[in-house]
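Below is one structure, written out as structure tokens; comments come after it.
Every chain is numbered from 1, with letters handed out A, B, ... down the list of sequences.
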Number of protein chains: 2
Amino acid sequence: MNQITPATTAQGSAAAAQAIRLACRNGSLTGTTSGLAPGFVQGNLAVLPADLAADFLRFCQANPRPCPIIGVSDVGSPRVPVLGRDLDIRTDLPGYRVWKDGELVAETGNVSEWWRDDLVSFVIGCSLSFEEALLDEGIPLRHVERSIRVPMFRTSIPCSPAGRFSGPMVVSMRPLKPAQAIRAIQITSRFPAVHGAPVHIGHPEQIGIRDLSKPDYGDPVEVLPDEIPVFWACGVTPQSVIAEVKPSFAITHAPGCMLVTDRRNTEFAII
Amino acid sequence: MNQITPATTAQGSAAAAQAIRLACRNGSLTGTTSGLAPGFVQGNLAVLPADLAADFLRFCQANPRPCPIIGVSDVGSPRVPVLGRDLDIRTDLPGYRVWKDGELVAETGNVSEWWRDDLVSFVIGCSLSFEEALLDEGIPLRHVERSIRVPMFRTSIPCSPAGRFSGPMVVSMRPLKPAQAIRAIQITSRFPAVHGAPVHIGHPEQIGIRDLSKPDYGDPVEVLPDEIPVFWACGVTPQSVIAEVKPSFAITHAPGCMLVTDRRNTEFAII
């Protein structure tokens, strides 16, 4: 049972983030990390065999808006010290998915038994970081108010291909009033390492989105007549691109079960 | 006749700006300063008697987006050293307008004969500075391409009143494609001293603008279906507010005849 709550982890020290990882490691935290260790960066996880990892790294480097890498392991190592000195990728997330040839083969809280000496771990920035910055400045986010998932859409914007990896950019959408949209562009521009500024505003059909009420991922969120839909590049992009490649082997985080790191969201502000 | 051309003043040294002022002073430049001394800040001029100046300064301080003051003189002094050491407000603009009780009483190239010991000069930042930054980054501006004036609109956004000064904000409008609008917000956010970020995007009716094809000042510019209208606070605001007060005496620059200063546009970038 999940014994870690925001109330007990909001002390604002890196110990709070480490406590989350330890709770995952000993099996006491198995649910979502949403709302845990506020102030600390949470990351998406993608683990690939070394023969694919080089191409994937190039893909992310060429597409920093949807695929902002915040940490990469050495080949075979489950450590990413830049995100937490004690961190163990095999045990420190509450939930994982294991894939073979594009098929889900296991959903588990510990991937030690699946570990291989040729694996490379990628930790990719997540919109929770910039959403915290928006909320801290009083910009309301409807999907947060309603406790649903942000709506996400496959677009007609192609990512730059690299090796076997290619595909369309996925974006998340948040409806905002015009003055809020201007402020949100300013605020998220400070966070290029976690998706940064929006990639589009106002004309969804221009990026291949036909119906805002039918997201490809997440939940629908209405756009009111006095609002503008604002679109950010989304960390689901690398997941969807990996799924297309159907790698012989891969590990990802389970939905909502992110890696909680020792890095503060504010560290990622460039100014 | 105007013997100063962009070709002869584009050397990029402050001497270019000073040459413009000297040409005004000796009467050889009497036309618009548009396109002259590229790279250097041009300012709007408002000169008021001291008894009104304190209120006007408070008004500008309370409304920095439409009324960004970049220089103020001492009472009775025609000097604003922070904008140019040799600068003489009485002679260094190509054209002035002189007002009594709100009526235009003279249009002249030299206001020395109108000068009084109780006058205070205000130099207010101008959109030419941020437009240069936009054009330098390859963002097209339709009114520039068409060599017409930017369209400007009185809005329903009230300025914060101060003493005798109050009234609505005037905005300028530039149509941009969505990705250009996002970039333009980033770029102009760097220039808070020359109007800064837009005050509105996308929904003109929300700020009291009924018909984009009928600007209150300047020339109409069409907004194409794939574009977003982007609105910036405009330096016409202080002029329209002063006109409402009908001060006993005032001097302003003639339209298009700005004060060319020794300050570089890039100096006003906060980052």
Side-chain angles (χ1 to χ4, degrees), chain A residues 63-66 130 133-134 137 139 153 155-159 169 171-192 195-210 212 223-234 269-271, chain B residues 63-66 130 133-134 137 139 153 155-159 169 171-192 195-210 212 223-234 269-271:
Chain A
N63 298 282
R65 304 289 280 279
F130 76 68
L134 294 173
E137 293 222 23
I139 294 178
F153 302 86
T155 69
S156 56
I157 306 170
C159 291
M169 187 187 297
V171 297
S172 58
M173 188 281 290
R174 293 160 187 82
L176 295 172
K177 293 193 194 303
Q180 295 168 344
I182 293 168
R183 189 76 186 124
I185 290 169
Q186 294 178 318
I187 293 167
T188 57
S189 293
R190 301 173 62 220
F191 293 91
H195 301 306
V199 295
H200 189 84
I201 52 173
H203 289 289
E205 72 284 359
Q206 284 182 20
I207 56 171
I209 299 172
R210 286 200 197 129
L212 281 181
V223 181
L224 300 178
D226 63 349
E227 294 177 331
I228 292 175
V230 183
F231 299 90
W232 277 268
C234 177
I270 54 168
I271 52 170
Chain B
N63 298 282
R65 304 289 279 279
F130 75 68
L134 293 172
E137 293 222 25
I139 294 179
F153 301 87
T155 69
S156 56
I157 306 170
C159 292
M169 187 187 296
V171 298
S172 58
M173 188 282 290
R174 293 161 188 81
L176 295 171
K177 293 193 194 304
Q180 295 168 343
I182 292 168
R183 189 76 186 122
I185 290 169
Q186 294 177 319
I187 293 167
T188 57
S189 293
R190 301 174 62 220
F191 293 92
H195 300 307
V199 294
H200 188 84
I201 52 173
H203 289 289
E205 73 283 359
Q206 285 183 19
I207 55 170
I209 299 173
R210 288 200 195 128
L212 281 181
V223 181
L224 301 177
D226 63 349
E227 295 177 329
I228 292 175
V230 184
F231 299 89
W232 277 268
C234 177
I270 54 168
I271 50 169

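With a 4.5 Å cut-off on side-chain heavy atoms, B:Val223 and B:Met173 count as touching. No side-chain heavy atom of B:Leu224 sits less than 4.5 Å from a side-chain heavy atom of B:Pro175.
Note: A:Phe231 and A:His200 have tilted aromatic rings, judged against thresholds of 30 and 60 degrees for the angle between ring planes.
The contact between B:Ile271 and chain A is made entirely by side chain atoms (from C-beta outward), counting heavy-atom distances below 4.5 Å. Heavy atoms closer than 4.5 Å to chain A are found nowhere in B:Glu205, neither backbone nor side chain. Only the backbone of B:Val199 has a heavy atom closer than 4.5 Å to any heavy atom of chain A.
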Carefully, step by step, assess A:Arg183 and A:Gln186 under the rule side-chain hydrogen bond (donor to acceptor under 3.5 Å, both in side chains).
CA-CA 5 Å; A:Arg183 189 76 186 124; A:Gln186 294 178 318; 2.8 Å; yes
